[in-house]
S.K.: 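If you scroll down you'll find the structure; I have some questions about it.
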Amino acid sequence: MVNFLIFGPPGSGKGTQSVRLAEKFNLKHLSTGDMLRAEIAAGTELGKKMSSIMSKGELVPDEVVIELIAKKIDSTKGSAGFLFDGFPRTVAQTVELEKMLNKRKMKIDSMLVLEVDHDELVKRLVLRADQSGRPDDKDPKVIENRIEVYKEKTEPIITYCRERGIYQPVNGMGSIDDIFKRLSKHMKELI
Ligand code: B4P
């Protein structure tokens, strides 16, 4: 199994690229954002609790996403590996993910980091707000908060992964097809 993190600030294209990459390389795509939105849509107790945190652009508690991911890791069979999208988002989540994978004789093989200018991030999210109906895309202040939260709580994972030799920056500017080709090239080297 080969396991990838797809990483980057909100609006960098993680979700967009993950769907295509998972199909191309037969990877199991695990998006904690999608899992949390599914809980909200289903009206579960967890969804109700998490919805106000997410609509403010804050991170939900580490233990919540760790549990969601742990369940999926154990129930997945037949794929060439995992593509983690939007997880981990804190160093604590990264440490837990490593533990979960190590226990199952796996590791994080590569962290692909999409690099996108700030103005382009905001532009993409504002544009998406019209179609997605996501409360965290609708308010420009929430978008800015998500980017701030990323810098403060999520970006430190880059240093952590760089020290482990798995950090791979990728230019996330340009067309969706061009970025897909760049990401595919890096993934092919490992699969
Ligand atoms: P996510 O669902 O991960 O939301 P996101 O960061 O906005 O990324 P997303 O994948 O949706 O957007 P993308 O970059 O693909 O998280 C939502 C919330 O859930 C978080 O704020 C947090 O509250 C919570 N959460 C999730 N995981 C968590 C965790 N592990 N711990 C704690 N809390 C967690 O793309 C955005 C837009 O750009 C799209 O509309 C797309 O069409 C467009 N786009 C992409 N590439 C483009 C390109 N090249 N050109 C033009 N447009 C492009």
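Just the heavy atoms: all of them, side chains too, but no hydrogens, waters or symmetry mates, feed the values below. Position 1 is the first residue of the sequence; numbering continues from there. Keep in mind it's a predicted model, so treat the numbers as computed, not measured. First listed ligand is number 1; within each ligand, the first listed atom is number 1.
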S.K.: Would Gly15 count as being in polar contact with ligand 1, using the rule that some N or O on each side must be under 3.5 angstrom apart?
M.R.: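 Looking only at distances, the answer is yes, because the N/O contact criterion of under 3.5 Å is met.
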S.K.: May I ask you to identify, for Val65, whether its side chain, its backbone, both or neither come under 4.0 Å of ligand 1 on a heavy-atom basis?
M.R.: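 It is the side chain that touches ligand 1; the backbone stays farther off.
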S.K.: Counting each atom of ligand 1 from 1 as listed, which ones have a heavy atom of Glu58 under 4.0 Å away?
M.R.: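 Listed by number with element: 22 (C), 23 (O).
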S.K.: Arg134: heavy atom below 4.0 Å from ligand 1, yes or no?
M.R.: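 Right, Arg134 reaches ligand 1.
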S.K.: Could you tell me whether Arg134 and Asp139 make a salt bridge, using a distance below 4.0 angstrom between a side-chain N and a carboxylate O?
M.R.: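 Salt bridge flag = no for Asp139 with Arg134.
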S.K.: Is it the case that more than 12 heavy atoms not belonging to Gln131 sit under 6.0 Å from its CD atom?
M.R.: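 Yes, CD of Gln131 has more than 12 neighbouring heavy atoms, counting only those of other groups under 6.0 Å.
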S.K.: Counting each atom of ligand 1 from 1 as listed, which ones have a heavy atom of Gly11 under 4.0 Å away?
M.R.: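 Within the 4.0 Å cut-off of Gly11, ligand 1 contributes 14 (O), 35 (O), 36 (C).
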S.K.: Taking only Lys NZ, Arg NE, NH1 and NH2, and the carboxylate oxygens of Asp or Glu, determine whether Lys151 and Glu148 approach each other closer than 4.0 Å.
M.R.: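 Salt bridge: yes.
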S.K.: Pull out every atom of ligand 1 sitting under 4.0 Å from any heavy atom of Gly86, numbered as shown with elements.
M.R.: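 Ligand 1 atoms under the 4.0 Å threshold to Gly86: 27 (N), 28 (C), 29 (C), 30 (N).
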S.K.: So if I count the atoms of ligand 1 from 1 in the order they appear, which ones are less than 4.0 Å from some heavy atom of Gly174?
M.R.: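 Here the atoms of ligand 1 in question are 48 (C), 49 (N), 50 (N).
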S.K.: Is it true that Asp62 and Arg89 make a salt bridge, defined as a side-chain N closer than 4.0 Å to a carboxylate O?
M.R.: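 No salt bridge links Asp62 with Arg89.
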S.K.: Thinking salt bridges, do Arg146 and Asp137 make one under a 4.0 Å N-O criterion?
M.R.: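 Here Arg146 pairs with Asp137 in a salt bridge, since their nearest N and O are under 4.0 Å apart.
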S.K.: List ligand 1 atoms under 4.0 Å from Ile179, heavy atoms only on the residue side.
M.R.: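 That gives atoms 49 (N) of ligand 1.
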S.K.: May I ask you to decide whether Glu120 forms a salt bridge with Lys123, counting only side-chain N to carboxylate O separations under 4.0 Å?
M.R.: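 Salt bridge flag = yes for Lys123 with Glu120.
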S.K.: Could you check whether any side-chain heavy atom of Phe87 comes within less than 4.5 Å of a side-chain heavy atom of Phe82, counting everything from C-beta outward?
M.R.: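 Not in contact.
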S.K.: Look only at interatomic distance and state if Ser12 has a nitrogen or oxygen under 3.5 Å from any nitrogen or oxygen of ligand 1.
M.R.: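 Yes - when backbone and side-chain N and O of Ser12 are compared with those of ligand 1, one distance drops under 3.5 Å.
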S.K.: Does any non-hydrogen side-chain atom of Asp136 lie less than 4.5 Å from one of Asn145?
M.R.: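 With C-beta onward as the side chain, the pair stays apart.
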S.K.: Which residue and non-hydrogen atom of the protein lie closest to atom 45 (C) of ligand 1, and at what distance in Å?
M.R.: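 Closest protein heavy atom to atom 45 (C) of ligand 1: Thr16 OG1, 3.4 Å.
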S.K.: Heavy-atom distance to atom 6 (O) of ligand 1: which of Arg146, Met35, Arg89, Gln93 wins?
M.R.: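 Looking at heavy atoms only, the winner is Arg89.
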S.K.: On a heavy-atom basis, I'd like to know which of Met54, Lys153, Arg128, Arg124 is closest to atom 36 (C) of ligand 1.
M.R.: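 Shortest heavy-atom distance from atom 36 (C) of ligand 1: Arg128.
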S.K.: Go through the side-chain N and O atoms of Gln168 and Ser110 and say whether any donor and acceptor fall under 3.5 Å apart.
M.R.: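 There is no such pair between these side chains.
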S.K.: For Lys107, is there an ion pair with Asp109 - N to carboxylate O distance below 4.0 angstrom?
M.R.: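 Looking at Asp109 and Lys107, the cut-off is met.
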S.K.: With heavy atoms under 4.0 Å as the rule, classify the contact between Met173 and ligand 1 as side chain, backbone, both or neither.
M.R.: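 No part of Met173 is near ligand 1 at this cut-off.
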S.K.: Heavy-atom distances under 4.0 Å decide this one: backbone, side chain, both or neither, for Arg37 against ligand 1?
M.R.: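 The answer is the side chain.
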S.K.: For atom 25 (N) of ligand 1, tell me which residue out of Leu36, Val60, Leu125 has the closest non-hydrogen atom.
M.R.: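 Among Leu36, Val60, Leu125, the closest heavy atom to atom 25 (N) of ligand 1 comes from Leu36.
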S.K.: Should Ser175 be counted as touching ligand 1, given the test is an N or O pair under 3.5 Å?
M.R.: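 In this structure, Ser175 places no N or O atom under 3.5 Å from an N or O of ligand 1.
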S.K.: Say whether Lys14, considering both its backbone and side-chain N or O atoms, lies within less than 3.5 Å of an N or O atom on ligand 1.
M.R.: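 N/O-N/O distance under 3.5 Å: yes.
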